[in-house]
Each structure stands twice: as C-alpha cells, then as structure tokens.
Amino acid sequence: MHINWWTLTLQAINVLVLIWLLSRFLYRPVVAAIEARQAAADALLASAAAAKAQAETEAAALKASNTALAADAERLRAEVRTAADADRVRLLETAQTDAEKMGEAAKAGIAAERDAMRKALETQAATLAGDLAAKLVQHLPPAVIHEAMFQKLTDQLAAMLEVDRARSFDGSALTLVTPTPLHDSERARCRDALAKLLPVPLDLAFEEEPGLIGGCELRGAHVHLRNSWRADLDDMLGHLAKDGTDARDA
C-alpha cells in the first residue's frame with residue numbers, strides 16, 4: 001500500500017481549515033445563541049420566581065388581612081353583644097325603677113285619697129256629732145247643763161297647782177263663755193265660785209258662743225280652760241287623727 005504524503009498533508013490542512021472555519025463562523029454563533037437563549041430562560045425563570053414570591057407574599061398579606069378582619073369582626077360582635085347586654089340591663093333597671101316609682105306614686109295616691117276620705121269622714125262625723133249634741137241639748141234645761149259643766153270647770157281650776165294658778169291668773173281680765181246667756185243669779189254664783197279659787201281680785205266678763213253646744217270656757221290672757229261638749233268633740237277628733245297617723249307610720 002502506497003501512502004501519498006502530499007495528499008494526506010493537504011487533506012489534514014483542509015480538515016484544520018474546516019475546523020477553524022466551523023469554529024469561527026458556526027460554533028461561536030451557535031454558542032452565543034445558546035447562551036442568549038439560556039440567559040433568556042434564566043431571566044424568565046427568575047421573573048417567574050419573583051412573581052411567585054410576590055404572589056406568595058400577597059397571599060400571606062391577604063391571609064393576614066383576612067385574619068385581622070375576622071378578628072375585628074369578632075371584636076365588633078363581642079362589643080355589640082356587650083353593649084346589647086348593657087342596654088338590656090339598663091332598660092331592665094330603668095323599667096324596674098319606673099315600676100317602683102309608679103308603685104310608690106300609686107301608694108302615695110292611695111294613701112292621700114285614704115287620708116282625704118278619713119278627714120272627710122271625720123269632718124262629717126264631727127258635724128253630725130255636733131248636730132246630734134245640739135239637738136240633745138235642746139231637750140235639756142240649759143241651767144242643769146251649765147251647773148254640771150261649770151262645776152267640772154271649777155274642779156279643774158281647783159286641781160291646778162298654786163304656782164300654776166298664780167302664773168295663769170295675774171289679775172288680767174277673764175271671760176266666761178257659755179253657749180246661752182246666763183241669768184244674773186247664775187252670773188253672780190259663777191263670779192263668787194271663781195273668786196274663791198283665784199289668788200287675785202276677779203275681773204270677769206261674760207260672753208255667749210252657741211258653738212260650744214253645752215258647757216263653758218274660761219278665757220284670759222294667760223289661760224284657756226275648756227269644759228264644753230265642743231271641746232270634748234275636738235278632743236275625740238284629735239285622738240282619731242292621731243290614731244290614723246300612728247297607723248300610717250306603723
């Protein structure tokens with residue numbers, strides 16, 4: 001086998017030239033294109049990763065916002081429930097207070113009406129008692145009634161202590177009041193009876209007051225001795241009023 005070294009050398013040179021040409025005009029552009037495509041792909045991947053990270057961040061923020069909104073909603077619901085409970089308690093307390101006030105007002109009104117009725121009945125009773133007493137007196141001799149009631153007045157005067165008698169009767173003018181006029185003899189007898197009991201000279205006048213119904217009263221600047229049916233009726237009405245007040249207080 002014969003080897004042609006010139007031909008082999010020329011072919012080797014052609015191969016080297018071809019390799020240089022391919023490296024110069026084909027490999028470098030292809031590598032550059034591949035690198036460019038790789039860079040573009042890397043940029044796309046980086047952009048996608050950034051977008052993913054941003055999406056994850058926004059999702060986390062949205063989740064946190066939703067959590068905060070849910071917490072705020074729960075807090076608002078709790079505040080509303082608390083306010084509603086407070087309003088209900090306040091309304092109940094106000095209603096109870098109003099009911100108590102209405103009850104107290106009703107009780108006060110009933111008590112006032114009862115007092116008014118009691119006073120009206122007492123007034124009617126006093127009027128009726130006065131009328132009955134006046135009618136009864138009409139059937140009795142005035143002298144008999146006056147004698148009995150004047151005797152009771154002198155007994156009351158005699159029962160007074162001397163110091164009280166001296167303080168009450170200091171010589172001032174006195175008036176003996178009777179429901180009907182007294183005869184001169186009755187006036188003289190009254191004057192003599194009183195003069196024996198008083199420590200000072202007697203200055204006595206006489207007056208009539210039909211409202212006494214029966215009996216007599218001795219009036220002066222420092223004394224007022226009552227011994228009449230009118231006085232007895234007033235005392236009884238006073239006791240009734242006191243008993244009514246005590247009953248209300250109890």
Side-chain angles (χ1 to χ4, degrees), residues 1-126 237-250:
M1 181 177 180
H2 179 75
I3 299 174
N4 190 350
W5 293 103
W6 287 105
T7 302
L8 182 63
T9 301
L10 290 175
Q11 290 179 350
I13 292 171
N14 289 333
V15 170
L16 291 175
V17 171
L18 180 62
I19 293 173
W20 179 83
L21 289 173
L22 291 174
S23 173
R24 177 78 178 184
F25 297 101
L26 180 62
Y27 178 73
R28 288 182 179 179
V30 170
V31 170
I34 292 173
E35 290 178 351
R37 288 181 176 275
Q38 184 66 39
D42 292 339
L44 288 175
L45 290 176
S47 177
K52 180 180 179 182
Q54 183 178 359
E56 290 177 351
T57 302
E58 291 179 355
L62 182 60
K63 182 178 180 181
S65 177
N66 291 334
T67 302
L69 289 175
D72 290 339
E74 183 62 28
R75 178 178 56 80
L76 290 175
R77 284 194 295 269
E79 291 178 356
V80 170
R81 286 195 298 268
T82 302
D85 293 339
D87 289 339
R88 183 170 61 253
V89 172
R90 179 177 56 81
L91 290 175
L92 290 175
E93 291 177 351
T94 302
Q96 184 177 0
T97 301
D98 292 341
E100 291 177 354
K101 289 182 179 179
M102 292 177 62
E104 294 296 332
K107 290 180 181 179
I110 293 173
E113 291 180 359
R114 185 172 60 246
D115 291 340
M117 292 178 61
R118 179 182 56 79
K119 291 179 180 179
L121 291 175
E122 289 175 356
T123 301
Q124 293 178 2
L237 289 177
H239 287 302
L240 288 175
K242 184 177 182 300
D243 292 340
T245 302
D246 294 339
R248 289 195 304 273
D249 295 339

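In this chain, residues are counted from 1 in sequence order.
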(message) Going by the rule side chain to side chain donor-acceptor pair (under 3.5 Å), which residues pair with E35 if we only count those two or more places apart in sequence or in a different chain?
(response) none
(message) Under the rule for side chain to side chain donor-acceptor pair (under 3.5 Å), what residues qualify as partners of N14, not counting sequence neighbours?
(response) none
(request) Tell me, yes or no, whether the heavy-atom count around R37 atom CZ, taken from other residues, nucleotides or ligands under 6.0 Å, exceeds 12. (result) no
(request) Indicate yes or no for a side-chain donor-acceptor contact from S65 to the backbone of A61 under 3.5 Å, with no hydrogens or angles considered. (result) no
(message) Donor-acceptor pair, distance only, cut-off 3.5 Å: does the side chain of T82 make one with the backbone of A78?
(response) yes
(request) Output yes when D85 and R88 qualify as a salt bridge under the 4.0 Å nitrogen-oxygen rule, no when they do not. (result) yes
(message) Working to the nearest 0.5 angstrom, can you tell me the gap between E93 CD and E100 CD?
(response) 10.5 Å
(request) Drop me the distance from L62's CG to T57's OG1, to the nearest 0.5 angstrom. (result) 12.5 Å
(request) Please report the C-alpha distance between R77 and E74 in whole Å, then the side-chain angles of each, then the deciding distance to 0.1 Å, and finally whether the salt bridge (charged side-chain N to carboxylate O under 4.0 Å, His left out) criterion is met. (result) CA-CA 5 Å; R77 284 194 295 269; E74 183 62 28; 2.6 Å; yes
(request) Indicate yes or no: at least one non-hydrogen side-chain atom of T94 is less than 4.5 angstrom from one of R90. (result) yes
(message) For the CD atom of E104 and the CE atom of M102, what is their distance to the nearest 0.5 Å?
(response) 12.5 Å
(message) To the closest 0.5 Å, what do you measure between CG (D72) and CG (L76)?
(response) 6.5 Å
